[in-house]
Structure formats: C-alpha cells, structure tokens
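Taking it in order: structure first as structure tokens, then the write-up.
As the structure lists them, so they are numbered: ligands from 1, and atoms in each ligand from 1.
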Amino acid sequence: MAVDYLKRGKPEAERSEDDAKVRAVVEATLSEIEARGDAAVRELSEKFDGYAPENFRLNASEIEALMNQVSGRDMDDIKFAQEQVRKFAQAQRDSMTDIEVETLPGVILGHKNIPVRSVGCYVPGGKFPMVASAHMSVATASVAGVPRIIAATPPFKGAPNPAVIAAMHLGGAHEIYVLGGIQAVGAMAIGTETIDPVHMLVGPGNAFVAEAKRQLFGRVGIDLFAGPTETMVIADDTVDAEMCATDLLGQAEHGYNSPAVLVTNSRKLATETLAEIERLLEILPTAETARKSWEDYGEVILCDSYDEMLAVADEIASEHVQVMTDRDDWFLDNMTCYGALFLGPRTNVANGDKVIGTNHTLPTKKAGRYTGGLWVGKFLKTHSYQKILTDEAAAEMGAYCSRLCMLEGFVGHAEQANIRVRRYGGGNVPYGEAAE
Ligand SMILES: NC(=O)c1ccc[n+]([C@@H]2O[C@H](COP(=O)([O-])OP(=O)(O)OC[C@H]3O[C@@H](n4cnc5c(N)ncnc54)[C@H](O)[C@@H]3O)[C@@H](O)[C@H]2O)c1
Ligand SMILES: [Zn+2]
C-alpha cells in the first residue's frame, strides 16, 4: 500500500510495554482481592481514590440525597438520553426472537434468549464523571430483563458524583457501589464478604479496568474489551480542517492514551488539520490530556484512493469511526472492522457518546475485528433445545446417531441411541447383531 504517514504515534513495541505493566498490576491486585476480600478492596480504594467510607454500597436515603443535588434541568437531560438508549435497545431486543423449527418430521429444534441473571456494570469516573456510561450498561441491562443489576463507579473528587448516581438509579440499578478501578470489577466478579458475585461484567473503563475484565473473563462473562477511547476520522475534501481537528481532539481528551487518527486522500486537508490541531490545543481547556494523547498516539495517514482508505481503516479497526466524504454510505456498505460508524458531517461521536441512543461501550485495541459494541443482545444468552416427537423420528435419528457414534469409537454414546431404536423403533440396532 502506498500510504504516507504525515504523523505517526508511538511504535508498537512501546505500546505493548505499557500493556505489560498494566497486566502485571492487575494480576497482583486481583489476587489481593481474591485472598483478602473486603479488607483488600478497602485498602485499594484508599490507595487509588483516597476513599474509604464505612459502606461502599449506597443505601436508599443516600441515593435520594444525592439525587436531590441534581438540578431539574440535568435530571431532564439524563432522562432524555436514557429514553433514547431504551428506545433503540428495545427495538434491538424486539429483533431477537426465540425460534422453534421442525427440521425433519417429528424433530423439533429451537432456541431461547434468556437474560443473564446478574451483571456488574462499571461506570468510569476517574477523570470525568461518565454519567452516560450508566445509561449504556444499566438501562440496557434493564431493557434486557436482567433480574439483578449492580453498578459501581469511583468517587469523583473524593465523593460520589450525584449525576452519575442519579443515572444509575434511573437506569434501574438494584445495588450501587462507590468503588473504582480494579477493586470495583474485582469485587463484583470475585465477590467479597459484603458483595455477592455477579455472572457478568460490562462497561468501559481505563486500561486497568479493561485489563481486569479481560483477566476475569472465564470466571465471569464480559461484554467486550472496552478500554481507552479511540477515534478515527475518514475525510476527503468535502470537509474542512476545523471539523476534522475538532473531531480528533474531541475524543483525544478522554485520557493520556487515546489514539486519534485521520485517514484522508487529501494532502491539503491532512496538512491543514495538523496545523488546526496545534491551534485548538492552545485554547481547549482539556488540552493537557488531549495533547499527550495526540503526541503519543495521534496519526495522520494519507492514502491514494478510497479503496486504500477503506483498507487502512479496516486494519486499524478503530472504536469510533467518523466518516465525512462524498460517499459515506459506500463506507457503511463496505467497512467490516470498527466499533461504531458516525456517518456524514451532521453526525458526531459525542452524540453517540452521550445522547443519540446507540451504545457508547465499544471495542478497542482492534477488538472491532471480532465484536461490535455493548447492546441488549450481550445481556441475553441464546440457548438451544431439541425434542423428538414421534417413534419414527426417534428410530431414524437413532440409526444415524448410532453409526456416527461408532465411527468415532464412542460405544456408550451409541448405546444412548440404540436403546431408543430398540424401544421406539421396534427394530434392530444399526450395528446390532454384528457387534454382539
Ligand atoms: N471503550 C469504550 O467504550 C469507552 C467508553 C467510555 C470511556 N472509555 C474510557 O474509559 C476511561 C475512563 O478512565 P478514567 O481513568 O477516567 O476512569 P476509570 O473509572 O476507568 O478508572 C479510574 C480508576 O482507575 C484506578 N487507577 C487509576 N490509576 C491507577 C493505577 N496506577 N493503578 C491501578 N489502578 C489505577 C483507580 O482505582 C480509579 O478508581 C478512559 O480511558 C476512556 O477513554 C472507553
Ligand atoms: Zn468519548
């Protein structure tokens, strides 16, 4: 490919070194929680968040008091956003049907969608109190019909954040814990003296949270690998540098490690965007983190053609992909690896993050190659079942089954089939006489 990097981020080797450090911290911390439960959780919360109240779980009157601190306007905005998330989640839920089909006469196969019985929703809150993450996990779990929804978020500046707690409560959380990071996801998945373990963890978070979920996978289910935010802008000459720079920095501000990548076929747009980013970094109040992310992870990739832009974008598999070209729907039709697409200059990633109704918990670190984001379907387990209704079907399926079992040498398996051929088919077992 003839792509030209006008700006490159840190080399891959340095990125994997950072990952290895995080892996080691997470492993040690999870073992602590496993070994010492609540005591370890308390020490970790004190160490990382300077927070160690008598109870990490908020009681009903604490929740009410916090909700009372949220202004009417903020409350209405939170309700509006949750309504959009619920509407789309409900439409997606309605698209998933239980099925039952007769594949052969008398042979019935089906599947049922069953909600996970308990989930732990992590709502990030280290740098920013991420109110919207509560809609994405808690409200969506509630649309799925999860009977026990617990939610955790770190204290923000030393105390529970009223708007985040309000969103968790309105979203339908049954238990709310003010706990962050590895100790939050560890406690919810492993369980402690005071927290009943859940069956599945969901929600985004920083590198520590995402890695902790990854290490806990197997013991519990997880939604997906949703770590530090990534964004990509695919643009041509139909948009200007101010729009592209704004969209890149708008997501780079998440933290010190959020990749923002411009993929374009216009050298003019590429160079102007580089200059525009420098200009905006002088005035953006969150420039400190945005600049660090941009310097370490920002990239500007110049391509020769739209096909090449598509190939580069699929290879990177960015979490958010904002497309602003003369053929946005062509990208929708042809892109295969990404978290979510934001199509056309009127759309933007912040809409998706906060309000439009699609889920903002999305795959990072190339996880978009094998999964989409969190959605109502992730809270549902699809289980199959089968039944044979007639003697004829039992005998016919049994004959095939018996021979196929013996093909693999499974005599005990074959007997399961044979006994049914004898009882319901009235005939000889398929390998019967010869084998006896
Ligand atoms: N992929 C997605 O869908 C998505 C969506 C929204 C947000 N995000 C990401 O969520 C993240 C939020 O990060 P945040 O840090 O603001 O909040 P966070 O709640 O994820 O993490 C805060 C916690 O991290 C722990 N922590 C901090 N430094 C630590 C250290 N050195 N060792 C161990 N633990 C440590 C602390 O316990 C603290 O409570 C951002 O990276 C953002 O990009 C991702
Ligand atoms: Zn964002």
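For Gln183 (side chain) and Val41 (main-chain N/O), no donor-acceptor pair under 3.5 Å exists by modelled atom type. In terms of modelled atom types and a separation under 3.5 Å, the side chain of Thr273 and the main chain of Cys244 share no donor-acceptor contact.
Given atom 13 (O) of ligand 1, the protein heavy atom at minimum distance is Asn206 CB, 3.4 Å. For atom 19 (O) of ligand 1, the nearest protein heavy atom (residue, atom name, distance) is Tyr122 OH, 2.6 Å. Nearest protein heavy-atom neighbour of atom 2 (C) of ligand 1: Glu319 OE2, 3.1 Å. Ranking the protein heavy atoms by distance from atom 41 (O) of ligand 1 puts Pro228 CA, 3.4 Å first. At the shortest separation from atom 12 (C) of ligand 1 among protein heavy atoms lies Pro124 CB, 3.7 Å. Counting protein heavy atoms only, atom 31 (N) of ligand 1 is closest to Phe208 CZ, 3.5 Å. Distance from atom 9 (C) of ligand 1 to its nearest protein heavy atom, with residue and atom name: Gly205 O, 3.6 Å. Among all non-hydrogen protein atoms, the one lying nearest atom 32 (N) of ligand 1 is Phe48 CE2, 3.2 Å.
Scanning Gly227, Ser45, Ala226 for the heavy atom closest to atom 44 (C) of ligand 1 points to Gly227.
Looking at residues two or more places apart in sequence or on another chain, you find a side-chain contact (heavy atoms from CB on, under 4.5 Å) between Thr103 and Val101, Val107, Leu109.
Each of the following atoms of ligand 1 lies closer than 4.0 Å to a heavy atom of Thr361: 3 (O). Each of the following atoms of ligand 1 lies closer than 4.0 Å to a heavy atom of Lys127: 14 (P), 16 (O). Close approach of ligand 1 to His254 is summarised as follows: ligand atoms under 4.0 Å from at least one heavy atom of the residue are 42 (C), 43 (O). The contact set between ligand 1 and Gly180, taken as ligand atoms under 4.0 Å from a residue heavy atom, comprises 37 (O), 39 (O). Within ligand 1, counting atoms from 1 as listed, the ones closer than 4.0 Å to a heavy atom of Pro154 are 19 (O), 39 (O). Listed by number with element, the atoms of ligand 1 under 4.0 angstrom from any heavy atom of Val209 are 20 (O). Near Thr364, the atoms of ligand 1 lying under 4.0 angstrom from a non-hydrogen atom of the residue are 1 (N).
At a threshold of 4.0 Å, the pair Arg15-Asp296 does not count as salt-bridged, since none of the basic side-chain nitrogens sits closer than that to a carboxylate oxygen. Using a 4.0 Å cut-off between a side-chain N of Lys or Arg and a carboxylate O of Asp or Glu, Glu27 and Arg23 do not qualify as a salt bridge. Ion pairing between a basic and an acidic side chain is recognised when a charged N comes within 4.0 Å of a carboxylate O; Glu282 and Arg291 show such pairing. With respect to Arg369 and Asp314, no salt bridge is recorded, no charged nitrogen being found less than 4.0 Å from a carboxylate O. With salt bridges taken as basic N to acidic carboxylate O contacts below 4.0 Å, one links Glu211 and Arg214. Note on Glu100 versus Lys112: no salt bridge recorded, every NZ/NE/NH1/NH2 to OD/OE distance being 4.0 Å or above. Remark: Asp236 does not engage Arg327 in a salt bridge, criterion side-chain N to carboxylate O under 4.0 Å.
Of all protein atoms, those of element N, O or S that lie under 2.8 Å from the Zn ion (ligand 2) number 3.
A donor atom on one side chain and an acceptor atom on the other are not found under 3.5 Å apart for Gln251 and Asp247. A donor and an acceptor atom, one from each side chain of Tyr177 and Glu175, are located under 3.5 Å apart. Gln84 and Lys87 form a side-chain donor-acceptor contact under 3.5 Å, judged by distance and modelled atom types alone.
Ligand 1 is never approached by Gln251 to a heavy-atom distance shorter than 4.0 Å. The shortest heavy-atom distance from Met130 to ligand 1 is under 4.0 Å. Residue contacts with ligand 1: Gly125 is included, with a non-hydrogen atom under 4.0 Å away.
Of the options Lys381, His383, Arg93, a side-chain contact (heavy atoms from CB on, under 4.5 Å) to Asn113 is made by Arg93 and by none of the others.
For Glu64, the CD atom counts as loosely surrounded, since its 6.0 Å shell holds 12 or fewer non-hydrogen atoms of other residues, nucleotides or ligands.
Both the backbone and the side chain of Thr229 come within 4.0 Å of ligand 1, counting heavy atoms alone.
Looking at ligand 1, you'll find an N or O of Gln183 within less than 3.5 Å of one of its N or O atoms.
Between Phe342 and His320, the ring-plane angle classifies as tilted under the 30° and 60° cut-offs.
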